[in-house]
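Okay, structure first, notes after.
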Amino acid sequence: MSYNQSSSYVYQSKGGYGLQKAATAQPMIVQSYEHYAIGHPDLKNAAYKHIDLDQRDLRQNARSQLCNMNFLIGHECIFGPYCLFAHSVADVEEKIHDVSDQKKSAPHLSRRLFKDLGIWPSICILQFFSQEEIIETLRRVNRQSLALCKRAYAPKRVQLHRITLGTVKFFERTEEIRVTKDSLSFFTVYRENFFREILQHYKNVRRLTINLNFLFEEDKKDRFIEMICNIHQQQPPKQSIQIFAIEDAPLREKNLDQLFKSNILQNIQTLKLPRNNLMNKGIEILFKNSGDRLKHIKKLDISSNLISGDEGGAIIAQSKSFPNLYSLDLRLNKLGDEGFKILVKTTNYPMLTDLKIDKNKIQDTGAHQLVQICNLLKLQVVKFRTNEIESKGAQYIASSYAMRNITVLDLSANPILDEGFKFLANASYLSNLNKLYVNDCGLTSASARYLKESKFIGRLRVLHVGKNQMKEDGCGYISTAPNLDQLTELVMNDNDIREEGIMAIQESHVLRNLSRLDLNHNEIREQGAQMLALTQTLIQLKYLNLSCNNIGEHGCKCIAESDAFPLLQELVIYIGNGINAKAKAYLHRSPKLRSLNHIC
């Protein structure tokens, strides 16, 4: 028995579930329909009703939900374009109910969520509700509630298993989709076309991250990566997705081959592969066997992958697969001096401007290569954090011609001492330096004096000298250095600074442009807090960290009653200062700290 080709039918269930069968669709027998109904309980009690499509075209009705049968595994929608439910995310029209519909006497202006409290108070109230309450209930009150809920809960990052057929429209503003080990269940419930629909519809997505949290079940991992590659085999990801990351997923040769041969990396500009235990063999596949398929990559992160020795350095240096690369992250590997020497001599990275090589066991011998042959002549950002560079190595860095364009230099956690810092302060090649990080380098007030007397370093905007022994004298030199008048961020934590150092900051005319000041773990105490509250220098300050300084209740009161911080937005003061409830009340109720948004 088949349907009449000259008529059309609508299946309507008692629960309101409606599906339409039109004359132009393929004929369908009753037996196949009954089999189809078994897969969906709402269709078991369906009844037939004849209608005239010329009078009522149900295809034009609003579609507030996605069709389950089109996306669930094991099901298939047989109604095609005549289904009453949307078959793509773009066709979904969110159904909005008005809470005042039952009260016809209520004026139109009163039909609003939380009355007219305004945006900020309403958002504060919404933050007390759970994710499910916001998504499933509150956002459907009216259009204003939908807008407010999206502002209150519009995460820039969303995990894939949080996206369902009912919430797919709610996360459309997200900027990053994360596929975790918990998200593997998504692909057991929905078909691959649903994931493709999400990527196609979410226009703000810039980053796709896969973090398997060291999934050691090789069969599951292999099937998952193969499926991800197959999804984009026919159609590459849209150009808005610029960052692709696979983290904490020990990748084998098979996985790497699948990734590089698929279209998933076709439009990607930033490739991140940290913590994947690639080792030298995996790096060889990436840099040699990928051919020219990755030549469009501009940023590459292969940190923490056990790349070791001159072999690893040679593989990276000899590759011509990344001619447009301008950022290379090699942190937390084991290149050593030999690997670093080979790397800086290469001519295959003419566009490289950003090199991060923290914690690679580089010593003065490796740094010496910078003053011999260094073909990385466009470097602007160099980070050597947590290596074994001493004062001699600092001298080599300061006298290298390759450093002439450097704007960011990080030598934190290297024992360069005052002698090494003196070479940096007197280096003519570092005249373009904007950011200098020398935390935990064994520096004293002598280094601060060298910085003040420097004839070349005059463009610094960010200076980090934490975990040293600057003390009051060092604080005084920095506060009176005329070449630091452009400084906007100063970090001097753990420097044993006492009241005299705060007095130097109070009287300084150099630090007027500071927007961030970090003085945590010093010895400021109540008197120092009182001096800081009387300063007229820090009028541009937006961030202040005074934790672990024993300033006590009186110190908090001085800060709260001070006119010195009219633009302060974030204050870190609770930890290690003997703060009681009364001191917190001073800070929270202070009329002087009107701009304060966050206090902890």
Side-chain angles (χ1 to χ4, degrees), residues 117-121 123-124 127 462-466 470-480 484-485 487-600:
L117 291 179
I119 296 293
W120 177 246
I123 289 178
C124 291
Q127 289 176 346
V462 176
L463 177 61
H464 286 217
V465 290
M470 293 285 184
K471 298 190 175 181
E472 298 82 11
D473 292 340
C475 194
Y477 288 131
I478 291 176
S479 300
T480 57
L484 298 181
D485 57 344
L487 209 61
T488 60
E489 180 175 335
L490 176 61
V491 175
M492 297 191 70
N493 61 290
D494 294 276
N495 269 282
D496 198 20
I497 298 174
R498 301 180 183 272
E499 294 88 344
E500 294 81 359
I502 301 302
M503 184 179 296
I505 294 177
Q506 178 191 7
E507 299 173 353
S508 173
H509 296 286
V510 174
L511 304 179
R512 288 188 175 274
N513 294 320
L514 271 189
S515 60
R516 296 179 65 88
L517 177 61
D518 190 341
L519 295 171
N520 75 83
H521 284 84
N522 283 294
E523 295 294 333
I524 295 176
R525 307 194 179 190
E526 291 186 4
Q527 187 176 357
Q530 186 175 1
M531 292 179 183
L532 196 63
L534 297 174
T535 182
Q536 298 180 357
T537 300
L538 306 176
I539 56 175
Q540 301 292 332
L541 205 64
K542 296 181 180 179
Y543 172 87
L544 177 61
N545 191 337
L546 295 175
S547 59
C548 299
N549 275 287
N550 297 318
I551 65 175
E553 177 185 331
H554 181 67
C556 286
K557 184 178 181 180
C558 293
I559 297 292
E561 296 176 351
S562 173
D563 293 318
F565 315 109
L567 302 179
L568 192 64
Q569 297 178 1
E570 185 173 355
L571 177 62
V572 183
I573 198 172
Y574 285 169
I575 301 174
N577 280 309
I579 303 295
N580 53 25
K582 192 174 182 179
K584 291 182 180 181
Y586 287 138
L587 295 170
H588 283 279
R589 299 173 184 175
S590 171
K592 307 289 185 179
L593 302 177
R594 294 178 180 177
S595 300
L596 200 63
N597 294 331
H598 181 66
I599 182 171
C600 61

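Heavy atoms only: backbone and side chains are in, while hydrogens, waters and symmetry mates are out. The shown structure was predicted, so the numbers you read here are calculated from the model rather than taken from an experiment.
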Answer yes or no: are there more than 12 heavy-atom neighbours, outside H588 itself, under 6.0 Å from its atom NE2?
yes
Taken to the nearest 0.5 Å, the spacing of Q506 CD from S479 OG works out to 11.0 Å
Looking only at atom types and distance, does a side-chain atom of N577 sit under 3.5 Å from a main-chain N or O of I551, one as donor and one as acceptor?
yes
Is the shortest side-chain heavy-atom distance between E472 and E499 below 4.5 Å?
no
Using salt bridge (charged side-chain N to carboxylate O under 4.0 Å, His left out) as the criterion, list what pairs up with D496, not counting sequence neighbours.
R498
Set of side-chain hydrogen bond (donor to acceptor under 3.5 Å, both in side chains) partners for D518, sequence neighbours left out:
N520
Any non-hydrogen side-chain atom of M470 less than 4.5 Å from a side-chain atom of M492?
yes
Heavy-atom side-chain proximity of R516 to L490 below 4.5 angstrom:
no
One pair to check against side chain to side chain contact (heavy atoms under 4.5 Å, CB included): N513 and L511. What are the steps and the verdict?
CA-CA 6 Å; N513 294 320; L511 304 179; over 6 Å; no
Mind checking whether I478 and L463 have side chains closer than 4.5 Å, heavy atoms only?
yes
Hits for salt bridge (charged side-chain N to carboxylate O under 4.0 Å, His left out) against E523, two or more places apart or cross-chain, chain-then-number order -> R525
To the nearest 0.5 Å, how far apart are OG in S515 and NZ in K542?
6.5 Å
Output yes when a side-chain donor or acceptor of S508 lies under 3.5 Å from a complementary backbone atom of A504, and no otherwise.
no
Residues passing the side-chain hydrogen bond (donor to acceptor under 3.5 Å, both in side chains) test with T488, sequence neighbours excluded, are none
Output a table of donor-acceptor pairs, distance under 3.5 Å, between side-chain atoms of residues 558-572 and any protein atom two or more places apart or on a different chain; print 'none' if there are none.
unit_1	atom_1	unit_2	atom_2	d
S562	OG	A533	O	2.5
S562	OG	A564	N	2.9
D563	OD1	K592	NZ	3.1

Counting C-beta onward and ignoring hydrogens, is there a side-chain heavy-atom pair between Y586 and I579 closer than 4.5 Å?
no
Indicate yes or no: at least one non-hydrogen side-chain atom of N495 is less than 4.5 angstrom from one of C475.
no
Rounded to the nearest 0.5 Å, what's the gap from CG on L517 to CG on L514? Could you check?
6.0 Å
Here's a test for you: under side-chain contact (heavy atoms from CB on, under 4.5 Å), which of I524, I502, I575 qualifies with N549?
I524
Quick one: pull up CG in L546 and CG in N522 and give me the separation to the nearest 0.5 Å.
9.5 Å
Rounded to the nearest 0.5 Å, what separates atom CD1 in I573 from atom SG in C556?
4.0 Å
For a side chain to side chain contact (heavy atoms under 4.5 Å, CB included) check, start with the C-alpha distance between L484 and Y477, then their side-chain angles and the critical distance, and finish with the verdict.
CA-CA 10 Å; L484 298 181; Y477 288 131; over 6 Å; no
Measuring from K582:NZ to E553:CD, what's the distance to the nearest 0.5 Å?
5.0 Å
Checking H521 now: which residues fulfil ring pair (Phe, Tyr, Trp, His ring centres under 6.0 Å) with it, not counting sequence neighbours?
none
Counting only heavy atoms from other residues, nucleotides and ligands, does the tally under 6.0 Å from CD of E507 exceed 12?
yes
